[in-house]
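These figures come from a predicted structure and were not determined experimentally.
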Amino acid sequence: MPIQDLAREDTVSASQETAVSELAQQLRDENVGSVVITNDDNNPTGIVTDRDLTTRVLAEEASSTDQTADDIMSTDLCVVGPDAGFYEAAQVMSENGVRRLPVCGENDELVGIITADDLTELLSDETQQLASVIQAQRPSY
């Protein structure tokens with residue numbers, strides 16, 4: 001199954017100029033753990049996670065009123081294409097120590113995001129399906 005079928009199309013995104021306080025509000029209002037930072041062409045340039053806000057703003061006692069996404073975002077962004085599969089996405093996450101992967105289409109535009117939680121949920125669903133097959137074939141005792 002291609003990742004594009006799992007990726008959330010309602011990915012929360014913002015520009016590099018977005019104030020840190022606005023990013024925190026987006027995380028809260030959308031009930032997500034990350035905001036993908038994009039340029040004018042909707043190409044991902046970074047990501048801000050709830051952890052980034054904690055470690056780069058709160059822990060540093062930095063003023064959130066003067067900071068923008070550009071100041072705190074992680075720029076070593078790992079992405080996958082829409083045709084990537086479960087294994088490729090899991091491998092990219094594992095090799096790079098990330099839990100979120102923006103999904104980029106043609107011209108590198110943001111089309112969604114896939115998270116470790118999404119992969120775990122898919123794996124759980126597949127395991128449940130397999131259990132149903134086994135239960136259906138088990139003789140009654």
### Message
Minimum heavy-atom separation for L77 and G46, please, with both atom names.
### Response
CD2-N, 3.7 Å
### Query
Does CZ in R99 sit with more than 12 non-hydrogen atoms of other residues, nucleotides or ligands closer than 6.0 Å?
no
### Task
Could you go through the side-chain hydrogen bond (donor to acceptor under 3.5 Å, both in side chains) check for S15 and T18 one step at a time?
CA-CA 6 Å; S15 72; T18 304; 3.3 Å; yes
#### Entry: Closest contact, heavy atoms only, R56 versus S74
NH1-OG, 3.3 Å
### From Q26 atom CD to S21 atom OG, the distance as rounded to the nearest 0.5 Å
10.5 Å
### Summary
The side-chain contact (heavy atoms from CB on, under 4.5 Å) partner of P102 among I114, V80, V36 is V36
### Query
Can D71 and V20 be said to form a side-chain contact (heavy atoms from CB on, under 4.5 Å), step by step?
CA-CA 9 Å; D71 296 320; V20 167; 5.8 Å; no
### Query
To the nearest 0.5 Å, how far apart are CG in D50 and OG1 in T55?
10.0 Å
### Task
Without swapping roles, check the side chain of T11 against the backbone of I113 for a donor-acceptor pair under 3.5 Å.
yes
### Summary
Rounded to the nearest 0.5 Å, the CG atom of D29 sits from the CD atom of E22 at a distance of 10.0 Å
### Message
Whether the D117 and T120 side chains hold a donor-acceptor pair (N or O, under 3.5 Å, no angle test) is what I'd like checked.
### Response
no
### Task
Would you check, one step at a time, whether the test side-chain contact (heavy atoms from CB on, under 4.5 Å) holds for V98 with I47?
CA-CA 11 Å; V98 297; I47 191 166; over 6 Å; no
### Query
Between CG of L123 and CD of E121, what distance do you get to the nearest 0.5 Å?
11.0 Å
### Task
Applying side-chain contact (heavy atoms from CB on, under 4.5 Å), run through M73 and V35 and close with a yes or a no.
CA-CA 9 Å; M73 70 182 183; V35 176; over 6 Å; no
### Task
Starting at CD of Q16, measure out to OG1 of T45 and round the result to the nearest 0.5 Å.
4.0 Å
### Query
With distance as the sole test, does N43 use its side chain to make a donor-acceptor pair with the main-chain N or O of D108 at under 3.5 Å?
yes
#### Entry: Exercise: identify the closest heavy-atom pair between C104 and P44
SG-CG, 3.5 Å
### Summary
All heavy atoms of I37 vs all of A69, minimum pair found to be CD1-CB, 3.6 Å
### Query
Of the non-hydrogen atoms in L23 and A14, which two are nearest, and what is the gap between them?
CD2-CB, 3.8 Å
Pairs of donor and acceptor atoms involving the side chains of residues 84-97, under 3.5 Å and at least two apart or interchain, shall be tabulated with distances.
| residue | atom | partner | partner atom | Å |
| --- | --- | --- | --- | --- |
| Q91 | NE2 | E95 | OE2 | 3.1 |
| N96 | ND2 | V92 | O | 2.8 |

### Query
How many angstroms lie between atom CG of L110 and atom CG of D41, to the nearest 0.5 angstrom?
12.5 Å
### Query
Taking everything shown except N31 itself, do over 12 heavy atoms lie less than 6.0 Å from its CG?
no
